[in-house]
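Just so you know, ligand 1 is whichever comes first in the structure, and atom 1 is the first atom listed for that ligand. When reading the values below, keep in mind they use all heavy atoms of this one structure, side chains included, and skip hydrogens, waters and symmetry mates. Note that the coordinates shown come from a computational prediction; the quantities given were computed from them, not determined experimentally. Throughout, residue positions are numbered sequentially from 1 according to the sequence presented.
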Amino acid sequence: MPKTLPTYRIAPSLLSADFARLGDELKAVIAGGADWIHFDVMDNHYVPNLTFGPMICQALKPHAKRADGTAVPIDVHLMVQPVDSLAAAFADAGADLISFHPEASSHVHRSVQAIKARGCKAGLVFNPATPLDVLDWTIDDIDLILIMSVNPGFGGQSFIDSALRKIEQARKRIEASGRDIRLEVDGGIKIDNIARVAAAGADTFVAGSAIFGKPDYKAVIDAMRAELKG
Ligand code: DX5
Ligand code: ZN
């Protein structure tokens with residue numbers, strides 16, 4: 001657990017939305033209480049699946065707002081290689097946070113700086129078998145750490161338990177850095193495991209199939225928040 005009580009964020013992943021009604025799905029999940037919108041970008045090269053590009057992000061951006069007009073941050077998770085050209089395109093398309101996998105960039109520090117130079121927050125993503133070592137040299141520069149609790153590429157997979165140990169390690173590194181860094185977890189998050197993941201130290205939760213797989217998005221998000229309070 002972090003030293004101070006975190007403000008939890010729930011980030012529904014549009015990967016599990018109905019792509020034929022993407023704008024309506026975005027509005028429905030925001031009405032249901034989404035804190036961030038998680039946008040999974042896959043290139044059929046770094047991961048074995050292909051999703052959506054910057055033009056779709058740009059089209060959705062004006063609709064990523066709550067009833068009171070406040071913006072809902074778009075949290076872009078790049079599963080692409082190379083990183084830099086698409087990161088720039090997503091910054092131009094209205095992304096608020098852009099995260100990438102360090103294995104997919106030849107120059108991780110440069111990619112982080114390029115994202116920040118475009119006014120976005122920058123994050124690093126760690127696959128289930130990837131150690132956190134790159135944080136030794138990057139933690140002072142990033143805004144977000146994203147721990148994968150499934151192998152990237154598909155929604156609806158089961159949570160990999162070893163991610164809990166990695167979340168604990170990442171939380172220790174964040175505490176030691178003294179910096180304000182979000183610790184996000186992605187893959188297999190459900191109502192019945194979110195409290196365990198929070199107890200390990202996570203403060204931001206991606207959920208795709210758990211939310212879009214049910215008819216009432218608000219009911220799922222409310223139930224997740226209730227678990228986090230408990
Ligand atoms: C997987 C994606 C996830 C995915 C999570 O590569 O990064 O964001 O949408 O889906 P669920 O919540 O269904 O495991
Ligand atoms: Zn993701």
Which protein non-hydrogen atom lies closest to atom 6 (O) of ligand 1, naming both residue and atom, and how far is it?
Gly153 N, 2.8 Å

When only distance counts, is Ala207 in polar contact with ligand 1, meaning an N/O pair under 3.5 Å?
no

Side chain to side chain contact (heavy atoms under 4.5 Å, CB included) partner of Ile189, chosen from Asp186, Val185, Asp192:
Val185

Which protein heavy atom lies closest to atom 3 (C) of ligand 1, and at what distance to 0.1 Å?
Asp186 OD1, 2.8 Å

Give the residue, atom name and distance (to 0.1 Å) of the protein heavy atom nearest atom 12 (O) of ligand 1.
Gly208 N, 2.8 Å

Flag the pair Arg179 and Asp141 as a salt bridge only when some basic side-chain nitrogen lies within less than 4.0 angstrom of an acidic carboxylate oxygen.
no

Let me see the working for Asp136 and Arg173 under side chain to side chain contact (heavy atoms under 4.5 Å, CB included), right down to the final yes or no.
CA-CA 9 Å; Asp136 289 350; Arg173 285 176 181 258; 2.7 Å; yes

Which other residues belong to the hydrophobic cluster containing Leu50, where Ile, Leu, Val, Met, Phe, Trp and Tyr are joined when side-chain heavy atoms lie under 4.5 Å apart, directly or via other members?
none

Can you check whether Gly188 has an N/O within less than 3.5 Å of an N/O in ligand 1?
yes

Atom NZ of Lys61: over 12 foreign heavy atoms under 6.0 Å:
yes

Considering only N, O or S atoms of Asp40, the one closest to the Zn ion (ligand 2):
OD1

Whether Ala210 lies under 4.0 Å from ligand 1, heavy atom
no

What is the nearest protein non-hydrogen atom to atom 13 (O) of ligand 1, stated with its residue, atom name and distance?
Ser209 OG, 2.5 Å

Numbering as shown, the atoms of ligand 1 that approach Met42 to under 4.0 Å (heavy-atom distance)
6 (O)

Which ligand 1 atoms are under 4.0 Å away from a heavy-atom of His38?
8 (O)

If the cut-off is 4.0 Å to any non-hydrogen atom of Gly155, which atoms of ligand 1 fall inside it?
10 (O), 13 (O)

Those atoms of ligand 1 less than 4.0 Å from some heavy atom in Gly187:
14 (O)

Is Asp222 salt-bridged to Arg225, going by a charged N under 4.0 Å from an acidic O?
no

What atoms of ligand 1 come closer than 4.0 angstrom to any heavy atom of His77?
7 (O)

Rounded to the nearest 0.5 Å, how far does OG of Ser158 lie from NZ of Lys190?
8.0 Å

Quick test: of every protein heavy atom, which one is nearest to atom 1 (C) of ligand 1, and how far off is it to 0.1 Å?
Phe154 O, 3.5 Å

Look at Asp75 together with Arg9 and state whether they make a salt bridge at an N to O cut-off of under 4.0 Å.
no

List every atom of ligand 1 that sits less than 4.0 Å from any heavy atom of Asp40, numbering the atoms from 1 in the order shown and giving each element.
2 (C), 3 (C), 4 (C), 7 (O), 8 (O), 9 (O)

Any atoms of ligand 1 less than 4.0 Å from a non-hydrogen atom of Pro152? List them with their elements.
6 (O)

Interatomic distance, Cys120 atom SG to Ile98 atom CD1 [nearest 0.5 angstrom]
4.0 Å

Should the pair Asp203-Arg182 be classified as a salt bridge under the 4.0 Å nitrogen-to-oxygen rule?
yes

Report the name of the N/O/S atom of Asp186 located nearest to the Zn ion (ligand 2).
OD2

Whether Met148 lies under 4.0 Å from ligand 1, heavy atom
yes

Name, closest N/O/S atom of His77 to the Zn ion (ligand 2)
ND1

For ligand 1, find out whether one of its N or O atoms is nearer than 3.5 Å to an N or O atom of Ser16.
no

Going by ring-ring contact (aromatic ring centres under 6.0 Å, His included), name the residues that satisfy it together with Phe212, two or more places apart in sequence or in a different chain.
Tyr217

So, Tyr46 versus His101, ring centres under 6.0 angstrom or not?
yes

Check Lys116 with Asp143, please: is the shortest side-chain N to carboxylate O separation under 4.0 Å?
no

Do any nitrogen or oxygen atoms of Val206 come within less than 3.5 Å of a nitrogen or oxygen of ligand 1?
no

